[in-house]
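Note sheet for the following structure.
Below, chains carry the letters A, B, ... as their sequence lines are ordered, and counting in each starts from 1.
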Number of protein chains: 2
Amino acid sequence: MTADYSSILEYVGRVITLSDQEKALFTSFLRYRKVRKRQYIVQQGAVCQHETFVVKGCFRAFYIDDHGKEYVVQFALENWWVADLRSFLTQTPADYYVEALENSEIIQIDFDSMEELYRQIPQFNTFFRILMQRAFIVLQQRIVSSYSKTAEERYLEFIKRYPQIEQRVPQYMIASYLGFTPEFLSRLRQQQTHRG
Amino acid sequence: MTADYSSILEYVGRVITLSDQEKALFTSFLRYRKVRKRQYIVQQGAVCQHETFVVKGCFRAFYIDDHGKEYVVQFALENWWVADLRSFLTQTPADYYVEALENSEIIQIDFDSMEELYRQIPQFNTFFRILMQRAFIVLQQRIVSSYSKTAEERYLEFIKRYPQIEQRVPQYMIASYLGFTPEFLSRLRQQQTHRG
DNA sequence: AGGTTTTCTTAACCTAGATCAAGCTGCTTT
DNA sequence: AAAGCAGCTTGATCTAGGTTAAGAAAACCT
């Protein structure tokens, strides 16, 4: 298998500057993997072993409650990261599943390598600090929007902001991500087409 | 005014180790301030100039929508940070207000000092990376819980997790934080007392 | 200490979105 | 090409929580 790290190097390079030596060291910590549609890369109850960078394909992280209901926590497309972060950082059992929604190619780093990476190239602290700050801001907006907007407003916002996801994942997962039922989404879409 | 930085040094010291020299440099970037109850330290529409660490007192960050409705985004008690992070990082107008709910004492750092701090003591990248990771995890849990649990469940969870906040802030702000109305919270509390 | 403002409660009525159930469409798989 | 499943739609009915309005109780001045 060809392990092509150019995408992640390009991505990292947009935030921090690495020497060729550092790039080589960095990629030595990484593992390139292909996973097939419907395959899980994290399972509820098992420790999340890796941070995952999506090179190609699509994933969702989701939670299943006591009644067996699914809640989509996050989608991840090309150039996004996905993991059960709490599980990964504390090395304790995961709350979420992470599932491939398409045949995908990913780059993974495990916990020990991550620690080593921070030690050997401290700049990665800056990189992940910035990444986390951005992710935090987006989540905060998501909460406010879930409380201040109607289901319809959130749906329209979503398809505007993430048109690619709209195209690639089943509607019922989008409904779940936005916090309502597939039936209700179906009704919203009905209305949309009968207007526009 | 006595600028006592021991609380923030202790707090930072739990995550990273600083030399006495670094501690001195760090505190040289900080500003100690007292603010009175009802005072705003960030205003919607104005650039958020500082990251704020709460030494003593209590704050809330909140959003006001087009209809004039308030949504509490975050509370901050002793040893918590508060800001409109997006506004601070991008130095653009804030979405949220941050208001003192009690007479409070805070430690602030402005944008340029922050940049300088990261440059001169790179360890602070580690510090804020870890801080943000923790904050991210909490927010993700808050979203899942807002979709998977009833108002009552979220309320009980909240008072169990943050008993201090329950005591110190008006009920209607807690209702707002949890995503429902004060009237409904009142009903919940009624039921509670008529049971337990 | 009395008046004002803020917060909390109660009650009647209302609605966004849920639930349940059934049928439809279109992929896969053999 | 048939069968089977996964995803989407539609309709009837239901409910958690919202809204409006008014009064009660604290808290906060001066």
Nearest-nucleotide comparison on DNA chain C, the residue closer to the 5′ end among B:E183 and A:F184: B:E183
Residue closer to the 5' end of DNA chain C, A:R154 versus B:S186 (nearest nucleotide): B:S186
I want to check one thing: is the phosphate of [N], taken as OP1 and OP2, less than 4.0 Å away from some side-chain N or O of [X]?
| X | N | answer |
| --- | --- | --- |
| A:K69 | C:dT19 | yes |
| A:T181 | C:dA18 | yes |
| B:Q190 | C:dT10 | yes |

Spacing between [X] atom [atom1] and [N] atom [atom2], to the nearest angstrom:
| X | N | atom1 | atom2 | answer |
| --- | --- | --- | --- | --- |
| B:R168 | D:dA26 | CZ | P | 22 Å |
| B:Y172 | C:dT10 | OH | P | 19 Å |
| B:L185 | D:dA16 | CG | P | 17 Å |
| A:L178 | C:dA16 | CG | P | 18 Å |
| A:Y155 | C:dA16 | OH | C1' | 18 Å |
| A:Q192 | D:dT9 | CD | C1' | 16 Å |
| B:E102 | D:dA27 | CD | C1' | 14 Å |
| B:R189 | D:dA26 | CZ | C1' | 13 Å |

Are B:L101 and B:F59 packed together at the side-chain level, in the sense that at least one heavy-atom pair is separated by less than 4.5 angstrom? no
For a 4.5 angstrom cut-off between non-hydrogen side-chain atoms, does A:K69 reach A:I64? no
Check ion pair B:E157-B:K149 (N to O, under 4.0 angstrom): yes
So does B:R187 reach the base of D:dT19 with its side chain, donor to acceptor, closer than 3.5 Å? yes
Does B:V138 belong to the same Ile/Leu/Val/Met/Phe/Trp/Tyr cluster as B:Y155, with side-chain heavy atoms less than 4.5 Å apart forming each link? yes
Could you go through A:E102 and A:K37, starting from their C-alpha distance and side-chain angles, then the distance that decides it, and tell me whether this counts as salt bridge (charged side-chain N to carboxylate O under 4.0 Å, His left out)? CA-CA 4 Å; A:E102 301 173 359; A:K37 185 170 173 170; over 6 Å; no
Between B:R38 and B:A151, the residue closer to the 5' end of DNA chain D by nearest nucleotide is B:A151
